[in-house]
Amino acid sequence: MDKELLSITKEKLMEIADTLYKNKVNPGMAEMNRVISDLAVIASGITDEGLQQRLINDALSPALEAMENKDASMLADIITYELIEILDSLM
Amino acid sequence: MIYKKNLEVLEKFRPDIFDAISKIQESSYETGNPVCIEQAKNGAKIVKYDKEGREYYLNSRYNPAKEAERFMEDMVDMPDEAVLTMVGLSNGDFVREYLSKNKAKSICIVYEPSVEIFMQVIQNIDISDILSDNKVVLTIKGINESLLNACLSKVIQIHNRKTNRHIVLPKYEDIFAEDCSNMERVLEEQYDRLKAETVTVSEYGKKSCANSIYNMRYLPGCRSGRDYVGRFPEDMPVIIVSAGPSLDKNIDLLKDAKNKALILAVDTAIPRVLQAGITPDIVISVDYNKSLKHFKVEGVKNLTFLADMDMNTAVLDYVKPENIIFDSSDSLLWDRLFREQGSEIWMVDSGGSVSTAAIAHMIAWGFKKIILVGQDLALTGNRVHAGENSNSADNNKWATTYVQGIDGQDILTRKDYCIYIRWIEDVAYKYPDISIIDATEGGALKKNTIIMTLGEAIDTYCAQEYNISEIINSVPRLFEGDGRRTIINALNKLKSDFRNLKKQLNNGISDCRMASLMMTRGEYNIRELKRINASIGKLDTTIMESEMQNYLAKYVSKADIELADDMYVEENDEIKEAIRMYDKSERYYSKLSEAIPGIVNILDDCINKLEEDMNV
């Protein structure tokens with residue numbers, strides 16, 4: 001697993017969560033769109049099937065749903081309490 | 001238990017809300033209630049709102065307090081006197097976060113557009129800490145939203161206009177888009193009002209100062225408005241005649257009200273009223289620059305004038321009225337002189353126009369039935385005033401907008417009229433025991449007033465006859481006998497005080513300059529700095545608390561505004577902030593010092609005129 005990618009992605013996600021918690025919906029969503037591809041790369045690189053499923057089911061899918069609904073606080077929550085936690089476990 | 005606790009606090013601290021919700025039927029929230037209180041993953045209570053089949057969570061579903069902390073990060077440690085306006089109460093976490101991270105002098109005005117959200121929150125979430133905090137002004141649509149404008153008028157001022165903030169809580173923009181937009185419009189009107197007031201004060205400050213000195217020539221033999229409080233019978237109505245276009249419709253009916261109501265005409269309505277053969281009991285003039293054209297009418301000299309301390313002296317010089325009632329002053333000197341005469345004079349919040357001033361004065365006098373005539377506050381028939389031709393309203397002259405008319409249709413009005421419409425609505429809401437009857441029969445709708453024709457109003461309220469001129473004349477005149485000499489002596493003392501102040505100001509300027517230089521160079525002579533701070537502190541007290549204050553503030557109003565404007569826009573660095581304040585003070589003292597000769601000239605001229613009056 002590319003540790004540098006994990007670290008940079010985590011950094012970006014924290015900034016995005018901050019933007020979203022301040023209700024800056026459009027900038028936050030736009031930034032999240034740019035990070036999604038990195039998250040997909042990270043997901044494909046996970047060898048632990050259980051963890052991979054957790055990333056997809058508990059984090060990425062709800063994140064995509066929140067993005068579709070433009071639900072800034074929900075997306076911020078998923079980033080903070082699900083995504084970042086999973087990334088930390090991979091580092 | 002939670003509901004009971006919240007209700008107890010509401011009853012004690014917000015009785016208006018408590019009384020209103022006591023009347024709300026609980027059943028109205030059982031069926032079709034869009035609001036639900038749920039639990040976040042950390043156990044905290046959160047609010048969910050259902051709109052058109054879609055669920056909106058107003059709080060984080062994981063940790064709402066943490067979300068509030070991050071959302072409110074930019075609202076931490078706001079400057080003194082700053083006001084935060086917030087659309088949305090949500091579960092209370094956002095307000096709570098603001099209160100925990102801000103100083104005692106910051107106010108938070110919350111506007112909750114959903115009474116359903118408010119009711120569900122107080123029934124299920126303990127917000128007693130918020131409800132009991134007097135730094136929170138809570139307004140709820142459908143309960144007490146009329147309080148919003150009155151509150152904003154009071155708190156949004158020059159000194160905080162650059163530091164105030166406005167926020168909309170998450171999801172409120174999605175659910176309550178129209179309410180959020182209305183709130184922005186209300187705030188825009190308030191800042192427009194402030195801008196208009198600032199421009200007026202700035203442009204006319206010197207004239208206002210001069211008027212307030214020269215009008216002292218008319219103190220001998222005047223009466224005080226304060227002495228009219230409670231003088232009129234409680235059931236007697238007052239009819240305030242303004243000069244709106246609709247006055248032409250019903251002016252002749254005023255004859256039926258003569259001696260059955262106090263007829264108070266604003267200055268712009270004088271020509272039209274006298275032309276119709278009606279003699280008002282009192283006329284009111286407050287504007288420091290009112291045009292003489294309204295007074296160049298036969299019979300005006302015999303009218304009783306209700307005057308503001310700084311009304312246009314040229315009007316008094318032209319009319320030379322025999323009966324003047326001075327009813328508003330913000331001068332400590334006038335205040336002292338009236339008290340020495342065994343009376344008082346006070347400051348009446350005029351609301352910004354002569355018509356709103358008339359309403360304010362009549363409320364202060366104790367009238368419980370106030371009938372408004374000619375109070376269009378709209379460009380009815382494309383006219384500004386009664387008696388004008390149609391199309392006299394040059395729409396290019398003012399910023400205009402549409403408001404709701406009394407017939408429910410949109411009507412064109414001037415943007416500044418919106419301020420007065422809101423003022424009347426707020427006053428009508430604030431005084432539920434006073435009936436404000438809008439008998440204009442046209443123009444803009446003023447909520448919270450009773451709408452009827454003038455004929456109906458006269459039939460309903462004007463049944464009894466009164467000897468009104470006897471009541472007016474029963475109040476003793478002031479400053480008779482050696483009153484003129486008393487005024488001359490007071491003005492001479494004021495002149496001497498100003499000369500002394502000029503010397504003190506020049507010392508203050510030197511002190512500020514020295515302190516700023518010392519701080520800039522890093523030469524912290526603590527003893528000298530303490531001496532300087534004590535000295536300029538004493539000077540500031542003299543400026544603020546002496547009888548000179550009012551005249552200085554008006555004469556150098558631009559400087560006053562400049563001083564207040566960024567007072568609380570603080571530097572982060574304490575040394576830089578100290579230098580900023582010393583430099584600011586030096587500039588301010590310089591402006592005051594430069595102004596004093598001009599004020600002394602006016603005082604000299606007025607004293608000479610008073611001496612001449614004595615010799616006549």
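By convention in this document, chain letters (A, B, ...) are assigned in the order of the sequence lines, proteins followed by strands, and residues within each chain are numbered from 1.
Side chains of B:L187 and B:I156 form a contact here, defined as non-hydrogen atoms less than 4.5 Å apart. Using a 4.5 Å heavy-atom threshold, the side chains of A:L64 and A:I36 count as touching.
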Distance-only criterion, 3.5 Å: which donor-acceptor pairs connect chain A and chain B?
residue, atom, partner, partner atom, Å
A:D18, OD1, B:R70, NH2, 3.3
A:K22, NZ, B:E73, OE1, 2.8
A:N69, O, B:R54, NH2, 2.8
A:D71, OD1, B:K171, NZ, 2.8
A:D71, OD2, B:R61, NH2, 2.9
A:S73, OG, B:K171, NZ, 3.0
A:D77, OD1, B:S60, OG, 2.9
A:D77, OD2, B:S60, OG, 2.6
A:D77, OD2, B:R61, N, 3.3
A:E82, OE2, B:Y62, OH, 2.7

Audit row: B:V110, B:L84, side chain to side chain contact (heavy atoms under 4.5 Å, CB included) steps and yes/no: CA-CA 8 Å; B:V110 177; B:L84 174 69; over 6 Å; no
Worked verdict on A:I86 versus A:I42 for side chain to side chain contact (heavy atoms under 4.5 Å, CB included): CA-CA 11 Å; A:I86 293 170; A:I42 290 169; over 6 Å; no
Candidate pair B:V47 and B:I37, rule side chain to side chain contact (heavy atoms under 4.5 Å, CB included), full reasoning: CA-CA 5 Å; B:V47 181; B:I37 305 296; 4.0 Å; yes
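Of the two parts of A:A76, neither the backbone nor the side chain holds a non-hydrogen atom closer than 4.5 Å to a non-hydrogen atom of chain B.
Taking CD of A:Q52 as the reference point, atom CG of A:L90 lies at 10.5 Å (rounded to 0.5 Å).
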